[in-house]
Amino acid sequence: MSVKAKDALRYIDEKSTLLTGLSDDIWGYAELGLRERKSAECLAKALEDEGFTVKRGVAGIPTAFEATWGEGTPVIGFLAEYDALPGVSQKAIPVKEELVPGGAGHGCGHNLLGVGSFTAAIGLKCEMESRGIPGTVKYFGCPAEENFSAKAFMARDGLFSACDACLTWHADSFNRVKTGSSLANNAVNITFYGRTAHAAADPHNGRSALDALQLMNLGVEFLREHMPPRARVHYVITNGGMQPNVVPAKASAWYLVRSPEREQVDELYERVLNCAYGAAKMTDTRCEIELIKAIWNVLPNVALEELLEECFETVGPPKFSDEDLAFAREISKSFPPGQREAVLKRGNIPEEFWGQVLNDTVVPRPATPLDTDGSTDVADCSWCCPTIEIKAACQAIGTPGHSWQYAAQAGMSIGHKGMLTAGKVMAEAGFILMTEPAVLAKCKDEFLRRTADKKYVCAVPEGQGPKFDQFS
């Protein structure tokens with residue numbers, strides 16, 4: 001099957017130096033969620049240079065924006081991310097060496113993600129201009145996917161509901177279309193307040209907030225036996241007191257509660273909070289609950305999966321050089337024992353691909369949808385309009401998620417090639433959705449069937465904004 005959006009792919013090739021440069025700029029900025037000022041602005045400015053109209057600061061988030069080109073229907077959106085992760089700063093080399101000591105890094109490849117979606121948007125615009133095709137292209141700058149889920153706030157404000165379909169992608173070890181669903185989740189700060197006292201002289205006069213927090217954590221550990229099989233609860237202690245000879249008057253934890261369905265999260269969340277309330281009673285302390293964010297599970301769309309798989313086969317996978325393969329072999333030496341095999345098995349990758357160091361073929365969708373044990377705020381968009389996510393090979397097979405190895409490859413040619421491929425695949429799919437009404441109608445009909453008995457309501461309460469001071 002021949003490429004239909006030939007002008008789009010040609011334009012992407014012509015712009016490849018600009019595109020990889022943008023990606024490297026964002027890789028170097030490595031800004032944490034809700035703080036991606038340089039990253040968001042360089043993408044917004046690049047879109048304006050390409051003829052898009054940009055509305056900055058949407059959904060009450062300074063680093064969120066919406067870029068629009070064209071008019072009328074269909075309306076095809078592309079979702080972008082550009083937030084980094086704390087503590088994974090890394091040079092673009094195959095051995096561990098921080099770029100900024102203790103700094104953030106793109107250990108999930110979101111520098112590639114934002115520019116890959118930009119690639120698709122400008123490619124589709126070029127194709128539509130050259131053919132005089134009506135329709136609207138939208139690019140959504142979505143901050144803070146990792147921790148604060150800006151797409152949920154953007155969905156609550158109706159930004160995605162005007163789209164006929166939305167496309168996105170993610171860096172991965174494989175070239176394939178994402179299938180199945182994800183875990184919905186709630187993130188919450190839980191803080192206990194007690195009373196200080198001298199820990200040796202008069203501890204009986206104190207009420208330890210840390211005791212309360214530890215009892216709550218213990219209660220959650222016992223709760224694990226009675227949670228749904230794929231449910232997850234994780235936490236970090238963000239404040240455990242100041243010094244050991246003072247009974248702590250304040251202690252806090254940041255919790256993340258996940259489960260396959262939104263309703264399951266609601267139920268499990270209440271049980272976790274009951275552990276907190278019980279711990280407060282046991283220690284004669286007081287607890288405060290602060291919801292940070294809440295997102296849904298992904299709503300699949302098989303019709304879009306079929307389309308994107310066809311487009312992937314048409315465009316083809318990235319082509320890696322001998323230098324890329326050498327880099328991948330070298331960085332693979334740093335993977336923990338069994339890591340590569342675990343990735344292959346967890347991803348249900350056919351054995352014919354196991355011998356590859358870099359995946360340079362298109363991996364077919366599994367016969368049974370492959371649900372992920374992670375979460376993504378792409379889910380909230382998927383309940384507003386038909387939405388699909390693809391994966392493109394941007395790292396050696398077996399690369400750990402959220403790692404320095406991931407960050408290294410996101411800043412060099414392996415990541416660049418996967419990014420440009422993802423942009424081309426999404427541009428091709430966007431063009432088909434723009435010009436073949438029957439294909440788009442099939443995707444929308446499936447969306448309407450799946451949402452007929454379950455309507456989306458944002459799980460973040462109306463009026464609540466993102467937690468801008470979480471890292472302060």
Side-chain angles (χ1 to χ4, degrees), residues 3-29 36-58 63-82 110-143 154 159-160 162-169 311 315 390 392 415-435:
V3 170
K4 296 185 178 181
K6 293 181 180 179
D7 288 336
L9 272 58
R10 172 190 54 77
Y11 189 66
I12 289 169
D13 286 336
E14 291 174 359
K15 290 279 186 175
S16 61
T17 300
L18 167 71
L19 296 166
T20 57
L22 273 175
S23 174
D24 286 347
D25 285 345
I26 296 170
W27 182 86
Y29 297 147
E36 317 97 325
R37 295 175 184 83
K38 293 179 182 178
S39 304
E41 184 55 31
C42 79
L43 285 166
K45 181 64 168 60
L47 284 154
E48 289 175 330
D49 291 344
E50 292 289 332
F52 283 72
T53 300
V54 178
K55 183 178 180 181
R56 292 168 171 81
V58 298
T63 54
F65 64 91
E66 178 186 37
T68 306
W69 177 86
E71 58 183 16
T73 56
V75 180
I76 304 299
F78 297 95
L79 308 180
E81 298 164 14
Y82 31 83
H110 289 183
N111 61 305
L112 302 170
L113 202 168
V115 179
S117 293
F118 171 85
T119 300
I122 65 172
L124 178 56
K125 170 185 174 287
C126 172
E127 191 72 36
M128 293 170 67
E129 278 186 314
S130 68
R131 299 184 185 223
I133 295 168
T136 302
V137 181
K138 284 187 176 288
Y139 176 104
F140 296 99
C142 308
M154 297 167 78
L159 269 66
F160 307 126
C163 294
D164 291 288
C166 277
L167 312 179
T168 191
W169 79 288
C311 292
V315 171
I390 65 170
H416 297 158
K417 289 172 181 175
M419 175 190 78
L420 294 172
T421 295
K424 289 178 179 180
V425 172
M426 291 190 295
E428 173 80 356
F431 177 68
I432 293 172
L433 291 169
M434 282 284 189
T435 56

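No experiment lies behind these values; they were computed from the predicted model shown.
Note that CD1 of I432 and SG of C311 are 4.0 Å apart. Values are rounded to the nearest 0.5 Å. Between the CG atom in L47 and the CD atom in E66 there is a gap of 11.5 Å [rounded to 0.5 Å]. Separating the CG atom in D25 from the CG atom in N111 is a distance of 10.0 Å, to the nearest 0.5 Å. The line from OG of S39 to CD of E81 is 12.5 Å long, rounded to the nearest 0.5 Å. If you take CG on L79 and SG on C166, they are separated by 4.5 Å, rounding to the nearest 0.5 Å. Remark: C42 SG to F118 CZ distance equals 9.0 Å, nearest 0.5 Å.
Counting heavy atoms from C-beta outward, T168 and L113 have side chains that approach closer than 4.5 Å. Side-chain contact check for V3 versus E428: some heavy-atom pair is nearer than 4.5 Å. Residues L124 and F78 have side chains in contact (heavy-atom distance under 4.5 Å, counting atoms from C-beta outward). Side-chain atoms of V137 and F52, non-hydrogen and from C-beta on, do get closer than 4.5 Å to each other. Annotation: side chain of I133 is in contact with side chain of F431 (closest heavy-atom distance under 4.5 Å). Side-chain contact between Y11 and S130 is absent, with no heavy atoms from C-beta onward closer than 4.5 Å. I26 places a side-chain heavy atom less than 4.5 Å from the side chain of V115. No side-chain heavy atom of Y139 sits under 4.5 Å from any side-chain heavy atom of V54.
Between G116 and W169, the shortest heavy-atom distance links the atoms CA-NE1, 3.6 Å. Taking every heavy atom of both residues into account, L167 and G430 meet most closely at CD1-N, 3.9 Å. Minimum interatomic distance between F65 and A40 (heavy atoms only, all atoms of both residues): CE2-O, 3.6 Å. Listed here is the closest heavy atom pair of A5 and A427: CB-O, 4.4 Å.
In this structure a side-chain-to-backbone donor-acceptor pair under 3.5 Å is present from Y82 to G141. The main-chain N or O of A8 is found under 3.5 Å from a side-chain atom of E127 such that the two form a donor-acceptor pair.
Listed by chain and residue number, E41, E48 satisfy the side-chain hydrogen bond (donor to acceptor under 3.5 Å, both in side chains) test with R56 (two or more places apart in sequence, or in another chain). Scored by the salt bridge (Lys or Arg N to Asp or Glu O under 4.0 Å) test, R10 finds D7, E14 as partners (sequence neighbours excluded). With sequence neighbours excluded, the residues that form a side-chain hydrogen bond (donor to acceptor under 3.5 Å, both in side chains) with D13 are K424. In this structure, the side-chain hydrogen bond (donor to acceptor under 3.5 Å, both in side chains) partners of T63, at least two apart in sequence or on a different chain, are E36.
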Step-by-step side-chain contact (heavy atoms from CB on, under 4.5 Å) determination, L159 to V58: CA-CA 9 Å; L159 269 66; V58 298; 3.6 Å; yes
Test log, rule side-chain contact (heavy atoms from CB on, under 4.5 Å), inputs H416 and D24: CA-CA 9 Å; H416 297 158; D24 286 347; 2.8 Å; yes
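Pairs of residues two or more places apart, or lying in two chains, that qualify as side-chain hydrogen bond (donor to acceptor under 3.5 Å, both in side chains) and include a residue from residues 114-126 are K125-E129.
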Which pairs would a plain distance check flag for residues 67-75, meaning a side-chain donor or acceptor within less than 3.5 Å of a matching protein atom at least two apart in sequence or in another chain?
unit_1 : atom_1 : unit_2 : atom_2 : d
T68    : OG1    : K138   : NZ     : 2.9

